[in-house]
Structure formats: C-alpha cells, structure tokens
Protein chains: 2
Amino acid sequence: MVDAPRNTRQRRAVVAILEDLDGFASAQEIHDILKRRGESVGLSTVYRSLQVLADAAEVDALRNDDGEVLYRQCSAGHHHHLVCRSCGRTVEIEGPSVERWADKIADENGFRDVAHTLEIFGTCSSCPA
Amino acid sequence: MVDAPRNTRQRRAVVAILEDLDGFASAQEIHDILKRRGESVGLSTVYRSLQVLADAAEVDALRNDDGEVLYRQCSAGHHHHLVCRSCGRTVEIEGPSVERWADKIADENGFRDVAHTLEIFGTCSSCPA
DNA sequence: CACGATTTGACAACGGTTGTCATGACGATT
DNA sequence: AATCGTCATGACAACCGTTGTCAAATCGTG
C-alpha cells in the first residue's frame, strides 16, 4: 500500500488551477498563473505535482510541436483530444473504431505492448487566423 | 526560385545513413553512426541537414516519449507509423478512414487548419521483452 | 584559377525539465 | 496542544536535446 500524498497548500493550488482551466497548459503557464494569483508555488513543486497527477492518471499529458508537455484535467477513461493550437481549448473525443484499427495493425505486424498517440490540432472558432 | 543546397560531403553522408537505416533514429544517433564509420560530421551539421530534409518533406520526423525528435526516410505521401520502442524498426501504415474521421470531428467542432498526429508504438517480434 | 556565397564545426547559449539538499510543513501519536 | 518522523517544498544548479554564433573551410560558378 502506498501512502497517500500529503494535502499541502501547494498541491491544492495546482489542482485548483487545473479545475479552472478548460484547455491544456504547460507547467510554466500554471506556475505563472499561480504567481499572478498571489498563491506562489515553486516551479519544481509545480512540475512534481503535475508528474504525480499524471502518473495517477488524474490529468492527461501531451507534447506540443515545440516539445513542451501540456497538462489538462480530463474525464476518466481512454480518449483523445481536439486541441486549439492558439488558446489550448480542448474537446475530448472518442474513436472506438480507431482503437480497434490500431490494435489490429499492430497485431498483424507482430508488435506487442502496444500503445498509440492520436491528437488532432487546429484553430478553434474563437481564435483569429 | 530558391537555390539548390550544395552537394557537400557531410550532407551526402547524412543522407546515406538515412538510406541504410530502416527505422527512426535521433540526430545524435546518426551523428554517432557517422563517427563510428569514420565519416565524422559535426553535430550542428547533422541537426541542420535533418532540418532541411524534414522541411523538404524528404524525411519524416516524430517525437518519442522522451521528447527527442526521431528521423526516418519514408515514402512520399501522408502516412503514419508503427514503431518499435526498442529498436526503432518501423512499418508505414495508412488509414484512410481515420483521416476522414479526424477531419469530420474537427469540422463538427468548428476547428480549421487541422492536422493530426497518429503513431502506434509497441515492441516488435525481434526485440526481447 | 579565383572569387563570393554557402556550409561547416567547435563552442556557447537556450529552454524545458529534473536533481539536490537544507529548510519547512503535514499529520499521526502522545 | 506539543512532539516527532517523514515527506514536501523551493532556490538553485545540473542536465540534455537543440539552436545560435562566427571564423575558417568548401563549393561551384565565372
């Protein structure tokens, strides 16, 4: 049995930000937002909190084109994302047929321990060109 | 009209490596292979050559879980990859129905300038667990 | 061959992320 | 409420892949 993480002010603050945001954000963005709100939390702590949350599958993580990792509080279960490149606004999407297709392709080629990444990026209707 | 790039020993060497490899490899791996073959090429030059090739769509680039960019000489046209996490061996795959599905999802949600990433990772049959 | 423009390569700088470690906070137990 | 072991925090340095810098070397055209 693993000990539950401690309920610290900092961890609560990070979780609160994630609950407020509806799109993906980087660790540094979250750190900036916290600073602006006057609830300053060390950058290392923000990174660590997000890692813990991601490991516990309480947040989703993905990498943007620049190699930054973005985090978002998502609903449980396997799903993918339609993400606005400009503002981060995100729509969760599901594609059962895609899942089956990916598994079948991998199986046909003798690959095991299969995982896949699938994200759709675009510009959302409220963002300028 | 843009000037054609110069035909230097270094660029030829990088292209030759890409032709030999059948899987994805990082810039640093390619740099190491060149050094081992005695055709030493500066690391900056390897990075620049790969950038140029990727911009010209002569090689595909993708990011692994660690955030490293991997390169591979691929066939022309839009396709995805089934990649061995262990050895990099790669199978090019196509999924016309997935393409249509992704475009439809984006359109339904009012997103434009849409692109998607889709890669399947696994362990291939010739690699140990 | 000579010359100008491009490319190279050693090195420094950059940016996101992770490690370090002394200090501080949590919370179970008295 | 006070004590205490343990875990979390945060300032900072280190890391690692990648990109920028710039003098020297190379390409290929005239």
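These numbers come from a predicted model, not from an experiment. A note on names: the letters A, B, ... follow the listed sequences, proteins ahead of strands, and every chain is numbered from 1. Computed over heavy atoms, backbone and side chain alike; hydrogens, waters and symmetry mates excluded.
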*Taking the nucleotide of DNA chain D with the closest heavy atom to each, which residue, B:Tyr71 or A:Pro5, is nearer the 5' end?*
A:Pro5
_Closest non-hydrogen atom pair between B:Arg72 and B:Cys74, with its separation_ = NH1-SG, 3.1 Å
*asked:* The side chain of B:Val69 is closest to which nucleotide in this list: C:dG9, D:dT18, D:dT9?
replied: D:dT18
*Report which part of the nucleic acid B:Asn7 touches: base, sugar-phosphate, or nothing (heavy-atom distance under 4.0 Å, all strands).*
sugar-phosphate
*asked:* Would you say A:Gln28 places a side-chain N or O within less than 4.0 Å of OP1 or OP2 belonging to C:dG15?
replied: no
*So, is A:Tyr47 near the phosphate of C:dT17, with a side-chain N or O under 4.0 Å from OP1 or OP2?*
yes
*So what does B:Thr45 touch, heavy atoms closer than 4.0 Å: a base, only the sugar-phosphate, or nothing?*
base
*Give the dot-bracket string for DNA chain D, reading 5' to 3', where a pair is Watson-Crick or G-U wobble with both distances under 3.5 Å, ( ) marks pairs inside the strand, [ ] marks pairs crossing earlier ones, | marks a partner on another strand, and . marks unpaired.*
||||||||||||||||||||||||||||||
_Below the 4.0 Å mark, does D:dT19 have OP1 or OP2 next to a side-chain nitrogen or oxygen of B:Gln51?_
yes
*Side-chain N or O of B:Arg9 less than 4.0 angstrom from OP1 or OP2 on C:dG9?*
yes
*Hey, does the side-chain of A:Arg6 have a donor or acceptor N/O within less than 3.5 Å of a partner on the base of D:dT6?*
yes
*Under 4.0 Å: is that the gap between some side-chain N or O of B:Ser44 and OP1 or OP2 of D:dT18?*
no
